[in-house]
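Structure first, commentary second.
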Amino acid sequence: MNDVLERLRTEAGESPRYEELLAADPDALAASLTSAGLPLWARELAAYRLGLAGDRRAFEPLVLLLNHRDPPRCAAAAEALAALGDPRTARAAAALATNTLRTAYALQPVRLLAKLRAPESAPVLMATLSRLLSPHEPYWRVALACVEGLGTLGDPRAREVLARAQSHPRLAVAATTALRTLR
């Protein structure tokens with residue numbers, strides 16, 4: 001949490017709005033999410049704080065941040081979404097992880113799915129990994145996150161795709177480790 005707040009403090013610069021949002025109550029944070037002209041760092045701070053507090057008004061802004069091109073924003077959104085406990089989170093993460101046009105930004109949705117252990121987690125990770133096992137696939141980090149997530153989940157349905165992942169040099173060790181965790 002401190003890393004996120006420090007990053008946002010740096011982005012805010014000298015803006016007094018940072019301290020205001022840091023001290024704001026949940027209703028003020030939620031209101032700031034819909035106010036016009038608010039910079040991205042301020043929206044992220046409000047959504048992040050609401051998410052960590054379990055306030056579901058943060059769900060939509062956090063999902064948008066989970067799909068952002070900036071990795072630290074995605075990671076902060078994933079952390080807040082995991083804390084939020086909203087039942088829609090797994091479906092949203094699954095949609096982002098399987099969007100072939102946004103694969104470059106799927107790392108945090110994949111990790112979030114593994115953390116959530118939702119019914120859709122293993123099938124989505126298997127489908128995403130299977131798609132990423134093609135030759136010359138540039139998103140090997142997303143594939144590795146799928147492998148690690150499947151190892152965390154321990155779902156035996158992942159056996160075949162993990163066995164195929166063993167033939168990829170960047171995935172082989174993690175895939176072998178994940179195969180050992182299957183029930």
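- With sequence neighbours left out, the side chain to side chain contact (heavy atoms under 4.5 Å, CB included) criterion links Arg117 to Thr152, Leu153.
- Between the side chain of Arg43 and the backbone N or O of Ser35, at least one donor-acceptor pair lies under 3.5 Å.
- For the atom pair Asp55 CG and Leu84 CG, the distance stands at 8.0 Å (nearest 0.5 Å).
- Inter-residue side-chain proximity for Leu5 and Leu45 is flagged as met; some heavy-atom pair is nearer than 4.5 Å.
- Within the 3.5 Å criterion, the main-chain N or O of Asp86 finds a donor-acceptor partner in the side chain of Thr89.
- Summarising the geometry of Ser32 relative to Ala46, their closest heavy-atom pair is OG-CB, 3.4 Å, with the distance given to 0.1 Å.
- Across all non-hydrogen atoms, the minimal contact from Arg56 to Pro87 is NH2-CD, 3.4 Å.
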Problem set entry | Verdict with reasoning, Leu50 to Phe59, per side-chain contact (heavy atoms from CB on, under 4.5 Å) | CA-CA 9 Å; Leu50 284 171; Phe59 177 75; over 6 Å; no

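- At a threshold of 4.5 Å between side-chain heavy atoms, the hydrophobic network of Ile, Leu, Val, Met, Phe, Trp and Tyr places Leu22 and Leu33 in one connected group.
- One hydrophobic cluster holds both Val124 and Val110 under the rule that ILVMFWY side chains link at heavy-atom gaps under 4.5 Å.
- In the model, Glu11 has no side-chain atom that pairs as donor or acceptor with a side-chain atom of Tyr18 under 3.5 Å.
- Here Ala75 pairs with Gln108 under the side chain to side chain contact (heavy atoms under 4.5 Å, CB included) rule; sequence neighbours left out.
- Going from atom CG of Leu62 over to atom CD of Glu44 covers 9.0 Å, rounded to the nearest 0.5 Å.
- Among residue pairs with one or both ends in residues 153-166, those qualifying as side-chain hydrogen bond (donor to acceptor under 3.5 Å, both in side chains) are Ser130-Arg164, Asp155-Arg157, Glu160-Arg164, Gln166-Thr176; sequence neighbours excluded.
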Problem set entry | Verdict with supporting geometry, Leu64 and Arg73, side-chain contact (heavy atoms from CB on, under 4.5 Å) | CA-CA 10 Å; Leu64 289 173; Arg73 285 197 207 292; over 6 Å; no

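- With respect to Leu162, the side-chain contact (heavy atoms from CB on, under 4.5 Å) criterion is satisfied by exactly one of Thr177, Leu179, Thr181: Leu179.
- The structure places CG of Asn99 at 11.5 Å from OH of Tyr105, a figure rounded to the nearest 0.5 Å.
- Nearest heavy-atom pair across Ala145 and Leu107 is CB-CD1, 3.5 Å.
- Here the CG-NZ distance, from Leu81 to Lys115, works out to 10.5 Å after rounding to the nearest 0.5 Å.
- Both Leu125 and Leu144 sit in one connected hydrophobic cluster of ILVMFWY residues. Membership requires side-chain heavy atoms under 4.5 Å apart, directly or through other members.
- To the nearest 0.5 Å, atoms CG (Leu129) and CD (Glu148) are separated by 11.0 Å.
- A chain of hydrophobic side-chain contacts below 4.5 Å, direct or via other Ile, Leu, Val, Met, Phe, Trp or Tyr residues, connects Leu29 to Leu8.
- Across all their heavy atoms, Ala97 and Pro109 have their closest contact at N-CB, 4.1 Å.
- Rounding to the nearest 0.5 Å places CH2 of Trp41 at 6.0 Å from CG of Leu21.
- With sequence neighbours left out, Thr103 forms a side chain to side chain donor-acceptor pair (under 3.5 Å) with Arg131.
- Annotation for Leu113 and Ser121: closest pair O-OG, 2.7 Å, computed over non-hydrogen atoms.
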Exercise. So Leu38 and Arg17, side-chain contact (heavy atoms from CB on, under 4.5 Å) or not? Walk me through it.
Worked result: CA-CA 10 Å; Leu38 204 61; Arg17 187 78 171 135; 3.6 Å; yes

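- Across His168 and Ser134, no two heavy atoms sit closer than the pair CE1-O, 4.4 Å.
- Looking only at side-chain heavy atoms (C-beta outward), Asp27 and Arg57 come within less than 4.5 Å of each other.
- Val63 and Tyr48 are members of different hydrophobic clusters when ILVMFWY side chains are connected at heavy-atom separations under 4.5 Å.
- Applying the side chain to side chain contact (heavy atoms under 4.5 Å, CB included) test to Arg91 and every residue at least two apart in sequence or in another chain returns Arg88, Glu120.
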Exercise. Which is it for Val161 and Val147 under the side-chain contact (heavy atoms from CB on, under 4.5 Å) test, yes or no, and what are the steps along the way?
Worked result: CA-CA 9 Å; Val161 72; Val147 168; over 6 Å; no

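- With sequence neighbours excluded, the residues satisfying side chain to side chain donor-acceptor pair (under 3.5 Å) with Arg9 are Glu19.
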